[in-house]
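All values reported here derive from a predicted model rather than from experimental measurement. Throughout, protein chains are lettered first and strands after them, A, B, ... in sequence-line order, and every chain is numbered starting at 1.
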Amino acid sequence: MVPDIYRIASRTEEFPGTCTLGITPHSGGRAGNFSAGQFNMLYAFGAGEVAISMSGSAQDGTYIHTIRSQGLATQALHRLREGEFLGVRGPFGSGWPMEQVAGRHLLIVAGGLGMAPLRPVIYSLLEGKTQPSSAQLFYGARRPQEMLYTGELQRWQQALKVVTTVDHAETEWPGQIGVITKPLGAATLDAENTVVFLCGPEVMMRFCIQVLLGKGVSADAIYLSMERNMKCAIGHCGHCQWGPNFICKDGPVFRYGDIRAWFDIRAL
Amino acid sequence: MKSIEQLLQQHPFFHGLPATDRQLISGCGENCVYSSGEYIARENTPADFFFVIREGRVAVETYMPSHGALCLQTLHDGDIFGWSWLFPPYRWTFDARALEKVRAIRLDGKCLRQKCEEDPRLGFELMKRFAKIVAERLQATRLQLLDVYSTERPPPAEVR
Ligand code: FES
């Protein structure tokens with residue numbers, strides 16, 4: 001599969017080392033459709049290719065990706081500026097099960113950069129395309145300076161109740177200080193009628209799942225997005241194999257009830 | 001105006017506690033209001049009370065030389081602050097400061113300890129509830145120490 005050439009239409013530095021790129025096809029026209037939760041393979045010429053989640057609205061005709069400069073490929077992507085080019089393959093993978101949300105309470109739990117793949121879900125709520133009976137977002141980060149999309153949080157309150165918490169901060173920070181499991185544990189839930197979308201570092205997801213199960217939420221009502229290194233992204237190379245699943249093809253979004261046997265195996 | 005007992009009944013910490021126990025506990029309690037910036041507790045001073053936060057935000061802090069106050073966590077509506085009243089030497093281990101107007105019920109630790117000594121069933125019930133909070137805070141502290149959002153990890157242990 002040959003990458004298409006895209007041009008960087010916008011670039012925002014979220015915080016040092018993490019930026020959000022808006023990219024459009026170099027040939028003109030709109031970027032293709034995608035589902036919330038899917039990802040693209042972004043190719044920084046000469047440096048490598050990496051899987052990055054969609055983090056914009058499916059209606060924009062632009063792909064939006066938030067990138068943390070970490071490995072060779074992401075460092076090169078982070079260095080790109082408006083008007084420069086990159087290669088794109090995708091979109092790939094399964095999305096969040098938006099059809100599960102209608103009429104139920106939607107709990108979105110995001111940790112750190114895990115907010116990026118969940119933002120399209122919030123856009124879908126704001127656009128009225130998805131109608132849960134109610135919705136709440138719990139968003140945890142390391143420090144206030146390392147929170148994504150802070151300029152949008154106020155607008156999001158139109159569609160859902162937003163609870164932010166950071167592990168460390170000065171007391172001027174108006175949100176909560178402490179780990180995300182605390183406000184999550186204190187939340188009032190109709191456990192039987194709740195569906196959870198969860199994304200963040202694996203350790204954080206493990207602890208959040210413990211809290212959610214303790215509150216009576218069923219393992220089959222918890223969906224999470226997994227991250228692994230990808231190569232082909234189409235289920236051929238086996239690079240992202242995880243138990244019987246290929247994360248690129250069967251995921252990255254999985255139902256916890258289906259994968260708990262794999263999720264709990266260490267070093268898999 | 002609601003009585004202390006009614007207010008305690010609404011607070012998650014006291015859910016499921018028999019009315020007779022709540023009545024007994026409410027005899028040790030009083031309503032109090034703290035304005036923003038006011039200290040509710042100071043490190044290493046006598047811990048004669050614990051606080052049931054009804055409304056508002058409280059910072060649990062410690063003082064770091066050449067830094068100032070360092071906030072370890074914030075507490076909110078429905079939380080409890082303080083277990084130092086339970087164990088000798090009955091002194092606060094951290095500061096607690098109101099970050100906005102805080103409404104709380106202040107419960108007299110000495111009065112409660114006396115009641116718990118006289119009624120071990122009530123004492124055990126309260127101890128279980130406090131132990132749950134202590135365990136939850138310990139878990140939260142461990143998670144905070146893990147620094148899960150950081151990209152830096154300690155190097156893997158060397159296998160010999
Ligand atoms: S990346 Fe090749 S099989 Fe998933």
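Within 6.0 Å of atom CD in A:Glu192, 12 or fewer heavy atoms from other residues, nucleotides or ligands are found, so the atom counts as exposed in its surroundings. Within a 6.0 Å radius of CD in B:Glu117, other residues, nucleotides and ligands contribute 12 heavy atoms or fewer. Crowding of B:Phe124 atom CZ: a count of heavy atoms from other residues, nucleotides or ligands under 6.0 Å not exceeding 12. In A:Glu146, the CD atom is crowded: over 12 heavy atoms of neighbouring residues, nucleotides or ligands sit closer than 6.0 Å. The environment of CD in B:Glu118 is crowded: more than 12 heavy-atom neighbours from other residues, nucleotides or ligands sit within 6.0 Å.
Atoms CG and NE2, on B:Asp147 and A:His168 in that order, are 5.5 Å from each other to the nearest 0.5 Å. Between the NZ atom in A:Lys182 and the CD atom in B:Gln73 there is a gap of 6.0 Å [rounded to 0.5 Å]. A distance of 6.0 Å separates CZ in A:Phe207 from CG in B:Leu146, rounded to the nearest 0.5 Å.
Only the side chain of A:Arg68 comes within less than 4.5 Å of a heavy atom in chain B; its backbone stays farther off. A:Gln70 touches chain B through its side chain: at least one heavy atom from C-beta onward sits under 4.5 Å away, while N, CA, C and O do not. For chain A, the nearby parts of B:Leu143 are the backbone and the side chain; heavy atoms of each come within less than 4.5 Å. Residue A:Glu172 does not touch chain B at all, counting heavy-atom pairs closer than 4.5 Å. Both the backbone and the side chain of B:Ala140 come within contact range of chain A, with heavy atoms under 4.5 Å apart. For chain A, no part of B:Leu70 is nearby; none of its heavy atoms comes within less than 4.5 Å.
Across A:Gly17, A:Gly140, A:Gly114, A:Gly200, the residue that shares the most heavy-atom pairs under 4.5 angstrom with chain B is A:Gly140. Per-residue counts of heavy-atom pairs under 4.5 Å with chain A were compared for B:Thr74, B:Leu75, B:Leu99; the largest is that of B:Thr74. Looking only at heavy-atom pairs under 4.5 Å with chain A, the residue among B:Asp79, B:Leu72, B:Val60 that has the most is B:Asp79.
Remark: the backbone N or O of A:Asp167 is paired with a side-chain donor or acceptor of B:Gln144 at under 3.5 angstrom. No donor-acceptor pair under 3.5 Å is formed between the side chain of B:Arg57 and the backbone N or O of A:Gln176.
Under the 4.5 Å side-chain criterion, counting only non-hydrogen atoms from C-beta, B:Tyr149 is not in contact with A:Val166. Residues B:Val148 and A:Arg142 have side chains not in contact (no heavy-atom distance under 4.5 Å, counting atoms from C-beta outward). Taking 4.5 Å as the limit, some side-chain heavy atom of A:Thr171 sits within range of a side-chain heavy atom of B:Glu61. Here the side chains of A:Val179 and B:Gln139 are not in contact, with every heavy-atom distance at 4.5 Å or above.
The heavy-atom pair separating B:Cys71 from A:Ala169 by the smallest distance is CB-O, 4.0 Å.
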